[in-house]
Structure formats: structure tokens, C-alpha cells
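As the structure is a prediction and not an experimental result, all values here were calculated from the model. Order of the sequence lines fixes the chain letters, A, B, ..., with proteins taken first and strands second; residue numbering starts at 1 for each chain.
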Amino acid sequence: MTKRTLLEDLKARGLIAQTTSEEELAAHLEAGSVTLYCGFDPTADSLHLGHLVPLLMLKRFQDYGHRPIALVGGATGMIGDPSFKAQERQLNSAEVVQQWSDCLKRQISQFIEFGDDGGAILANNYDWTANVDVLSFLRDIGKHFSVNKMIAKESVRQRIEREGEGISFTEFTYQILQSYDFQKLNELYGCTLQIGGSDQWGNITGGIELVRRMNGKSVHGLTLPLITKADGTKFGKTEGGAVWLDPKKTSPYAFYQFWLQTPDADVYRFLKFFTFLDVDQIDEIEAQDRARDGRPEAQRILAEEVTRLVHDEEALQGARRITEALFSGDHSSLDESDYAQLQLDGLPSSQLPSNLNEVPLTTLLAEAGLAASGKQVKDALQRGAVLINDRECSMEQNMSAATLFAPESARFGRYFLVKLGKRKHHLFYL
RNA sequence: GGUGAGGUUCCCGAGUGGCCAAAGGGAUCAGACUGUAAAUCUGACGCGCAAGCUUCGGUGGUUCGAAUCCACCCCUCACCA
């Protein structure tokens, strides 16, 4: 069969929320290599799963011969995007934003091929925004914006209309800055397309209009759908908060586990959103899962694909090794070097303190991160949900940590695998 | 600057002198059932193994006793200037 065009593929994946005139955009993309951009504001020291779809989107374009620009919002990050945010945001200091910008830069470079000739471009809007003086800003840029239109945008209207909330001039100005980015990138690199989350539509159209007014060019916009879960809860969150792309913040093992736990109702959609597997291939996986009883394969495939994409093959294998060891139900097959490997692969682990007879089990396990508080450990203990080297513990043993973790019952003289609940594991060593 | 409405435990939101560690919902965690899924049911949900300790924007005060009353302050919002 003939290969789909980029837009056809994106559509088949459900990756398009809105576009400016679809025919014009299609024609534009067919006519040759297009330079496009997507912005990422530094709101933390790492990107998280919410950024993954746009990031992969840049790569999808690159795979089809287009040239992506990843824009780090060193300037816009200082202001804060009000779009569909219920509340005014806390401003971060310049140093922090700068530092975070650098973090994002490093991360983004891992995803897209950057290079001198025709390769992707990494830009920072701080470069052209920081030195614009107020008067120039107001006269040269501000003059092109109608406050009437700015207020009418859905993304800020809610804030303005909502009882008990408001919007500062600072945040209100955000859309002008983002529009200016598009104008600047059009001027500097001939960028003719901006992509972003569906919440960015207002900011993108603002930019399109500014480019037309200032540069006399007709440019395009495309937004991606908000990733939702079938049960209505927020995508990309776990007990510990956001799932980060930085392996130091979310280990590849935790990352792999996150995807493995994807509900059936979401998994095929997610395969389309988060992997580069062909749409037909994904439909095939779904058909096979349906035909078979029991557990679907899709989660495993999804977890493997995304972990490999965000981390690498080695990290994926590590995550798989841990998963295999912990969830196969049989720890006795692990040899001594396997335990050391589990630690290296990123299984949470910690050294047992020397004053074990003074420390309640609740405190010990809570501090290891197996639960948020001692109370929760208590609850788990009372329900028989705590296993130390496969042996169940009770609340009565709470003060007998020294006995439970006695050297003679350690595996290979030093390891204790502690399990709390069905899927939380921690390796203690002497 | 004026007037009005507010600031409650992760979020929403009740609570207007003792019965309040504070209703209800959401989120989260654990158990049962399963497939490390969903749905459902059960339990937990400020901290502490416990005795107990610390909360209701802040600081003082009234009271035997305050999230609740008073004073001042800080912050948010709306309308007006």
C-alpha cells in the first residue's frame, strides 16, 4: 500500500486537534521542506510526559523531511502562560528560569537530530526578547494587537470572567510574546508552521496574524489534542506526581512501569500517540489482543517502545530485568549478581540503619519511600500487604525490625527485598 | 484610595464558641476480585507503633474553652475612583 502523507498519518493517529486551513497546510507540506516550531517553557528542571507528544511530533515532521525548531521559552517562562490556567502563576526568578532553560535544552537535544545543514534548530526566545525596550515593544509590536481580540480569546476569557480570579497585565501580555516568537522565527529561519497543545490555539493564531501583519507572510498552525484518560483522571500523574523524562527524576524502571499500567481503554490510543509504530501495525496488535483471552500485549509493547524512545535500549533492558525479577513471583531464582544488577538498574534501594532495634518498621519503610507516611505502612501491615523476602509481616512485629532484618535471614548475607502492596518494591541491604 | 466578598487539612468545599483532627466530594494509598487493567465492594487518608503532638492566612487578645468572637496586619478577588 502507498505510504500515507504526514497529515494523513497524524490524522489516523488522532494527533490533530485543530489546524488552520487544512487544504492549504497540506499543500504547503507537500510543496517541500517546511520549517516549523514548537515552544517549551521552562516551568521545571525537566520535561514531563505532557511535553512528550509535541516533542515526538517534531520528530514526526523531521522524519517526513521537514525542519523542526525546538524553542525553549527562556523569555516566556519568565512571564507565565495564562492559557486555560485557573490561577495566576507564581513567578520564578531569572536565575531559576535560566537554569531550567539549560536543562530543557539538554533534554530536547536527545530527541531530535540537530545539525548545521538542514538539521533541527534549538532556539531560545530570550535571545530576541530580553533586549527589546518597552517603547519599541509597545509601538512596534503592541500596536498590532487589539485588546478586544485578546480579551475575547477563550484561553484567557475564563480567567477574566471567572468569579474570584483575575489576570495580571504580565500574564495577559504572554500571547504577544509568543506571537512575537513566531514572527521572529519566520524572519530568522523562514518558519511557517507552529505546533502546540490545543491550549495553545489562541497564542498560535495570534502569532499567525502578527507574521502576516509584520512580515506579510501567510503561515500556518496546528494543535495537538489534550491527552485524556478514559476514566477522566489526569494523564501523566502517579502517586509521586508527574512522570518526568529525566531519568534522575523518574527512573527508567518507574517510567516503564507507568506505561505498563496503562488501562486497556487507553492503551491503543496511546500507542498511536506515543510510538512510531505504524497505525496499521497498532490496529493489528489490537485485533490480536481482542482475539485472545486474558492479558493484552499492548501495554508491554507500549512500555517498551516509549522507554526505548525516551531513555535507551540499555535502560529498557534494565527496567525489564527488574520487572521480570519482581513480578514473576519467584525471587529465589535471583543469584547474587542479580541483586547487584537490580540496584544498578534503578530499583529503589537503601542501606539498613545500624540501630534497627530502635526504629519502628513503619518509619523505616515510610522513609524508604514505600509509603507516604508511617500510618500508611501501618495500614498495609494490618492488611498483610508487607512482605520481606517473601515473608509476610504483621503490625505486632513493628518494633522488631532487628529480627526481621537479621543478617541470617538476608539473601546472600545482605539483601532484603521488601514489597508493599502489589507493586511497590524496595531493596534493603546490610 | 473607597466599597463589598473572601483566605479551612493535596484539590473542591461544609463548618460561625465546647459534641472539631474538623461534614461531603475528588485525588491518593492498601485489601478483596482480576491481568501490575477497568468497574465494583471494603478500609485508610495531619503527624506519631503508641502515649500523645501540631493544624483552619499571620500576630496578639477575650474566654475555663476559639477554625468559629475582638484588634491589628498580610494576601486574593469584584465593583467604583
If we take the C1' atom in both B:U3 and B:C11, what is their distance in whole Å? 31 Å
pair_partner(B:G60), Watson-Crick or wobble, both distances < 3.5 Å, evaluates to B:C70
Determine the contact category for A:K422: base if any of its heavy atoms lies under 4.0 Å from a base atom, sugar-phosphate if only primed atoms, P, OP1 or OP2 are that close, otherwise nothing. base
Say we look at B:G15 and B:G31: how far apart would their C1' atoms be, to the nearest angstrom? 33 Å
I want to verify a distance call: between B:C49, B:U36, B:G31, whose nearest atom is closest to the A:T323 side chain? B:U36
Please list all pairs meeting ring-ring contact (aromatic ring centres under 6.0 Å, His included) that have one or both residues in residues 333-353 of chain A, counting only residues at least two apart or in different chains. A:Y339-A:F412, A:Y339-A:Y415
With the side chain of A:Q376 defined as its heavy atoms from C-beta on, choose the nearest nucleotide among B:C29, B:A37, B:U36. B:C29
For nucleotides B:C33 and B:G25, find the distance between their P atoms and express it as a whole number of Å. 26 Å
Touch class at under 4.0 angstrom, heavy-atom based, for A:A385 against every strand present: sugar-phosphate
Under 4.0 Å, counting only non-hydrogen atoms across every strand here, what does A:T363 touch: a base, just sugar-phosphate, or nothing? sugar-phosphate
Just to be sure I understand the rule, does A:Q299 reach a base, reach only the sugar-phosphate, or reach nothing, if contact means heavy atoms closer than 4.0 Å? base
Is any side-chain N or O of A:K375 under 3.5 Å from a base N or O of B:G46, one able to act as donor and the other as acceptor? no
Would you mind classifying the nucleic acid contact of A:L420 as base, sugar-phosphate or nothing, using non-hydrogen atoms under 4.0 angstrom? sugar-phosphate
Near-ring test A:Y180/A:H144, centroid separation under 6.0 angstrom: no
Rounding to the closest angstrom, what is the interatomic distance between B:G4 and B:U9 at atom C1'? 28 Å
